[in-house]
Amino acid sequence: MTARVLNGKELAEQVRATVRAGVADFVKAHGRAPGLDVIIVGEDAASVVYTRNKEKAALEVGMRGNLHRLPAQTGEAELLAIILRLNDDPSVDGILVQLPLPKHIDSDKVILAIDPSKDVDGFHPVNAGQLAIGRADRALVPCTPRGCMKLLALAGTPLAGARAVVIGRSNIVGKPVAQLLLAEHATVTIAHSRTRDLPAVCREADVLIAAVGKPEMVRGDWVKAGAVVIDVGINRVSDSANPGKTRLVGDVAYDEAAERAGAITPVPGGVGPLTIACLLENTLLSAKRRAG
Ligand code: GUN
């Protein structure tokens, strides 16, 4: 079997088009554009690119976007003060602090400082808790997990009763995507670095989500024939075919897995584009809820 390739770029463009129309309606109704403020502390090259892309994407759908680039030595108190100011600013609908933060800043404390109604990452314990008690309708739900669910919908995968295996237990992806799958009545296993016989656990999966950050860890023979494979990993590795160059790979050995899977996401062009599209959706949702 050769897997169907789930085109995240195309799907993300559809989501953005819907958000763009929603933003235009919001502006008509409320006389202002939804606003997204993105904060980055430090100069991590990949994070700088991600945050610039988030600001650009907001502007491109007609939102107000603002990127706050703070030096690596910014103190925790200074960062918290900026967040409190944005919490109080009625023109701000979404606040996103790019992770990871430098070691001298307590990221839990920073996430806790964000007004939950503006927490477009969905990382605040209030939003994580709403999701955990089955009230995603009241929460802001993390963007990458929502992107994974949109790709599963695109694949047409029946989730009720399906066996889903999520590799990775992070607060950003693993735990929330497991909650979303559970809400759709899947039987969910969260696997991680201490899981015994991970290949055998994965072979049980009708839906396999890899979110570990280990290049090409999931091999072809870990994939059940016909399974849907969602690869959240974005890993830069040296390119053996082009000495001195690098390339992006996922957490899944794509060519091997594609021979067995029913559907699979590529890297790049799979989950990645949907993360930003879902961030825009969350920002519009936050603006609408806050406007009543
Ligand atoms: N770092 C990696 N992914 C994310 C994300 O989705 N949001 C934030 N804020 N930081 C990240």
Side-chain angles (χ1 to χ4, degrees), residues 8 12 15 36-58 65-70 72 74 76 79-80 82-83 86-87 92-103 105-116 118-128 131 139-151 166 168-180 209-215 230-236 248 250-251 265 267-268 270-283 285-286:
V15 173
L36 173 66
D37 283 64
V38 177
I39 303 173
I40 177 170
V41 184
E43 295 295 332
D44 175 74
S47 293
V48 168
V49 173
Y50 292 148
T51 50
R52 268 206 208 114
N53 287 344
K54 289 171 185 179
E55 181 203 24
K56 241 172 58 190
N66 195 2
L67 177 59
H68 305 252
R69 286 189 67 172
L70 309 178
T74 302
E76 186 178 276
L79 176 57
L80 291 172
I82 293 169
I83 291 169
L86 296 174
N87 282 348
V92 176
D93 299 290
I95 303 170
L96 181 150
V97 180
Q98 187 68 20
L99 302 177
L101 286 164
K103 287 202 171 58
I105 298 178
D106 179 347
S107 46
D108 288 340
K109 211 162 156 184
V110 169
I111 290 167
L112 210 53
I114 298 171
D115 177 341
K118 298 188 177 189
D119 167 39
V120 283
D121 261 328
F123 295 165
H124 191 287
V126 164
N127 285 314
L131 179 61
L140 287 163
V141 175
C143 305
T144 302
R146 288 203 324 108
C148 294
M149 298 307 285
K150 284 185 194 290
L151 286 158
V166 179
R169 54 177 154 179
S170 73
N171 292 335
I172 296 182
V173 184
K175 283 181 200 148
V177 83
Q179 298 284 4
L180 291 172
I209 301 196
V212 267
K214 292 222 161 91
I230 306 289
D231 189 351
V232 180
I234 304 178
N235 311 289
R236 193 164 283 285
L248 290 177
D251 292 345
T265 59
V267 175
V271 177
L274 281 162
T275 296
I276 292 189
C278 290
L279 172 67
L280 300 175
E281 269 190 347
N282 272 357
T283 305
L285 176 63
S286 163

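No experiment lies behind these values; they were computed from the predicted model shown. Each ligand, and each atom within it, is numbered from 1 in the order the structure gives.
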Engineer: Which pairs pass salt bridge (Lys or Arg N to Asp or Glu O under 4.0 Å) with one or both residues in residues 92-102, sequence neighbours excluded?
Structural biologist: Arg32-Asp93, Asp93-Arg290
Engineer: What residues, two or more places apart in sequence or in another chain, satisfy salt bridge (Lys or Arg N to Asp or Glu O under 4.0 Å) together with Arg69?
Structural biologist: Glu43
Engineer: With a 3.5 Å distance limit and no angle check, can you tell me whether His124 reaches the backbone of Leu112 through a side-chain donor-acceptor pair?
Structural biologist: yes
Engineer: Determine yes or no for a side-chain-to-main-chain donor-acceptor pair under 3.5 angstrom, with Asn282 supplying the side chain and Gly94 the backbone.
Structural biologist: no
Engineer: Give the residues near ligand 1 by chain and number, with the criterion being a heavy-atom distance under 4.0 Å.
Structural biologist: Lys54, Leu96, Val97, Gln98, Leu99, Asp121, Phe123
Engineer: Run the side chain to side chain donor-acceptor pair (under 3.5 Å) test against Lys109 and tell me which residues pass, sequence neighbours left out.
Structural biologist: Glu76
Engineer: Can you give me the closest heavy-atom contact between Leu86 and Val92, atom names plus distance?
Structural biologist: O-CB, 3.7 Å
